[in-house]
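Below is one structure, written out as structure tokens; comments come after it.
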Amino acid sequence: MIPGLKRLIPIVILLTVPVVGCHSLSKQNKAVTFWAMGQEGKHLETLLVKFARLHPEIPVKIQRIPWSSAHEKLLTAFAGQSTPDICQLGNTWIAEFESMGALTPLDSFVLGSPVVRSSNFFSGIWQTNVIHKKLYGIPWYVDTRVLFYRKDLLAKVGYRNPPTTWREWAEVSKRIKRASPPNEGNFANYFPLAHNNPYVPVILIMENEGRFLKKNKCYGAFEDPNTVKALQFYVDFFKNGWAPKNMSRVSNIYQGFQAGFFSMFISGPWDINEIRERVPSLRNKWGTAPMPKGKKSVSVAGGASLVIFKSSKRKSEAWKVIEFLSRSETQTDFFKLTRDLPAVRKAWSDSSILSDPQIRAFREQLETVQPTPKLAEWEQIASKMQEYLEKVIYGRMTLKQAVIDLDRDVDRILEKRRWLLSQNLLPE
Amino acid sequence: MKKTYQIAYIFLAPALLTLTVFFFLPVLAALGMSFTDFDIYSIGNLARTRFVFLQNYQHLLHDPLFWKSLLNTAYFVLVAGPLTIFVSLFTAMALQSSLLRFKSFFRLAFFLPVITNLVAIAVVWRYLYHPRFGLLNYILALFHCGPIDWLGNPHWAMPALILLATWKNFGYFMMIYIAGLQTIPGELYEASSLDGANWWRQQWHVTVPLLAPTTLLVTIMTVVGYLQFFAEPYIMTQGGPLNATLSVVLYLYDQGFRWWKMGYSASIAFVLFSVVFLAAVLQLYLGKRREAWG
């Protein structure tokens, strides 16, 4: 019929074959593939030099992916069945990837391992990897959030020590605000209001023993009185002018911290180095402290774990790599390279960590960290909460109304989860 | 006769094939997806997907954030669109005028923002908009105005982005207008000046009518482009404060790629598609009608 078309067909076939062929070729490659993000990826090669000597039969192929696109990339890889053997996974993501059935349970590996034992790790961090009573990741490094404060500015208003309770925290904030020159309008605290950064209210709710969800994590529970009280405490910082509500005012937190625009903020271990490097003039003028106590002093369990993907063909080799990275010596080396805090307790006995006064608060806080609720929808729920809190802070709505609306929205977000549970499509 | 058609099809085949595989099929798949609740759970196991038919669209009707994003986008298109067209036409006319020197320098300077990466631009503009150290507030202070918290205030965030988008995009349309201006024969100006028309009347009776086809093209391009307003709020404000800069595409992106609600996200995409389609058809229709009168 169309003479040219017949000739086109083999060309089309020839063009599609290499695409299919590549896929099967990569499977024959013997190396264990390891995806790592950010600076961990940068230093992993150095860290694994020793491993290559110990296990020359297990070559490891490292691929670095940037944090900003990591989540998308991993999901796409999973959908396209091209996941790596090992991957570094932020431990708030584990629930999500587990719910897709992407991860291998590691319990049997741990059972036979002389190196990896749950008691070696911080329990709150270990718990972030346990979902439906099965273990899906081994903590690699940990982080949590603590209070960063300006020693000199707090001393100026009569506080030689950082606040240890919510009441002291409010009091010191009030004094700093009162002492600030009226024109410059300095604030006592800085809390980011971006919707993707809701950790401060989350920590405060945990500290006040409030609830986020109820009924097997199927419904919102933000109307819980303890939760509301914690959120009220948070909102009051903005209402009293103890924290700026316009995040754009703080385009660079280190500059703001140096200028005394705010004297306290809550952040993770990465900011220790950032402050040292970016504002060296602040030396000895700042410190870190565990979160001021509500009912107790708690913070979120953060950091990253190592997981093995279900599709991996080299699980036992991959486990060897994880075992190596979990040794306390390796963990110490890792700290020296990246300044990431070790997940293994024993690694903290190294003098390079112990001698650092600013890391001490993290060591203390890590004993009392809690994981955020482990479900795939968590980040969306937390972001929704922040969206409503922003409305309250801007005076568009009362907190009482906000938690009612928030619970309604959360119930809607969790509709799919309820259906999956009712159909037994999701383990309890 | 028939033979020529066959040959034409063969030449068209590669393009049609690529279009089918990379455009029509994905669009069809997305349309199908918009009738399901495909989400993060479905990626691992397709049994976890429900066919919900029009429910996504129904939810969309009752979703206050979607309406908010639609209104924000309309605000942006209605203000930034005319502004961009006006500024680009104005600069194009200025650059065509015989009074100006260093024309190629200005042409290059005005075109530079178009080809500069928005991320780099955002860094600079965030400083310009800074409430304490920003240049804009410094200038305002000279006139005893301000300070305005440009990106932090829900009322000012959108105007700030409109200004940024206009500055970034007008150079492109200016180039199109310059091309349009160069097609206008010089005799028309000579003739009209002999008839006693001053500069203003020349512009109004010669330049503007003869540029009508160019203006139609530029209008359709800005409206279609601006309806898909995304990168500026994504980089500068993440849709905040108080969702004042949340655009439809940003909302679609959040639903689809942050929360992986692909089904819902696809339904937003199709609503946006209809809006863009209707807007383009309406403009073409109005343009044609004008031409018929012309």
Side-chain angles (χ1 to χ4, degrees), chain A residues 1-5 7-8 11-12 69 71-72 75-76 78-79 96-102 184-185 193-197 244-252 255-256 259 261 310 376-377 379-381 383-384 386-387 390-391 393-394 396 405 409 412-413 415-417 419-420 423 425-426, chain B residues 3 5-7 9-11 13-14 17 21 37-45 47-50 52 59 62-65 123 126-127 129-134 147 149-154 156-157 160 236-244 246 254-264:
Chain A
M1 197 175 44
I2 302 169
L5 205 62
R7 255 177 261 161
L8 268 176
I11 297 175
V12 171
S69 63
H71 190 248
E72 246 177 89
L75 284 173
T76 326
F78 178 69
E96 190 182 340
F97 281 86
E98 187 277 330
S99 74
M100 300 188 299
E184 302 216 349
L193 265 180
H195 294 177
N196 56 1
N197 239 342
K245 61 181 166 200
N246 304 334
M247 54 184 171
S248 67
R249 289 191 170 218
V250 185
S251 50
N252 178 329
Q255 243 173 38
F261 185 54
K310 207 170 239 173
E377 295 89 344
E379 294 208 14
Q380 195 188 351
I381 291 170
S383 162
K384 206 65 191 168
Q386 190 76 337
E387 193 185 314
E390 195 186 14
K391 284 188 188 168
I393 287 162
Y394 274 89
R396 300 290 160 93
D405 290 4
D409 283 5
R412 205 169 292 153
I413 292 170
E415 189 272 332
K416 181 78 180 251
R417 180 179 158 81
W419 176 75
L420 289 170
Q423 301 291 309
L425 283 163
L426 201 68
Chain B
K3 185 100 181 169
Y5 271 126
Q6 281 180 1
I7 291 171
Y9 279 127
I10 291 167
F11 276 108
L17 195 74
V21 173
D37 70 345
F38 194 97
D39 64 0
I40 188 104
Y41 290 112
S42 315
I43 296 176
N45 182 354
R48 293 170 175 176
T49 317
R50 285 171 289 180
V52 295
H59 281 174
H62 301 286
D63 183 347
L65 267 185
V123 173
R126 249 194 301 238
Y127 275 105
Y129 282 145
H130 195 283
R132 297 226 284 188
F133 319 114
D149 186 0
W150 292 96
L151 297 173
N153 183 318
W156 284 106
M236 297 286 284
T237 59
Q238 289 84 45
L242 283 175
N243 295 319
L246 184 75
D254 275 354
Q255 291 297 324
F257 297 98
R258 263 178 84 197
W259 316 130
W260 290 83
K261 298 191 155 186
M262 292 300 208
Y264 195 56

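Note on naming: letters A, B, ... go to the chains in the order of the sequence lines (proteins, then strands), and numbering restarts at 1 for each one. Because the structure is predicted, anything quoted here is derived from the model rather than measured.
Residues forming a ring-ring contact (aromatic ring centres under 6.0 Å, His included) with B/Trp156 (at least two apart in sequence, or on another chain): B/Trp150. Not counting sequence neighbours, A/Lys391 has no partner by the salt bridge (charged side-chain N to carboxylate O under 4.0 Å, His left out) test.
For B/Leu246, no part lies under 4.5 angstrom from a heavy atom of chain A. Interface residue A/Leu420: only side-chain heavy atoms are found under 4.5 Å from chain B. Of the two parts of A/Arg396, only the side chain, counted from C-beta on, holds a non-hydrogen atom closer than 4.5 Å to a non-hydrogen atom of chain B. Neither the backbone nor the side chain of A/Gln423 has a heavy atom closer than 4.5 Å to any heavy atom of chain B.
Per-residue heavy-atom pair counts under 4.5 Å with chain A were compared for B/Arg50, B/Arg48, B/Lys261, and the maximum is reached by B/Arg50. Note on A/His71, A/Glu72, A/Glu387: by heavy-atom pairs under 4.5 Å with chain B, the leading option is A/Glu387.
Between A/Ser99 and A/Ala376, the shortest heavy-atom distance links the atoms OG-CB, 3.8 Å. In terms of heavy atoms, B/Ala157 sits closest to B/Leu151 at CB-O, 4.1 Å.
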Worked check of side-chain contact (heavy atoms from CB on, under 4.5 Å) between A/Ser383 and B/Arg258
CA-CA 11 Å; A/Ser383 162; B/Arg258 263 178 84 197; 3.9 Å; yes

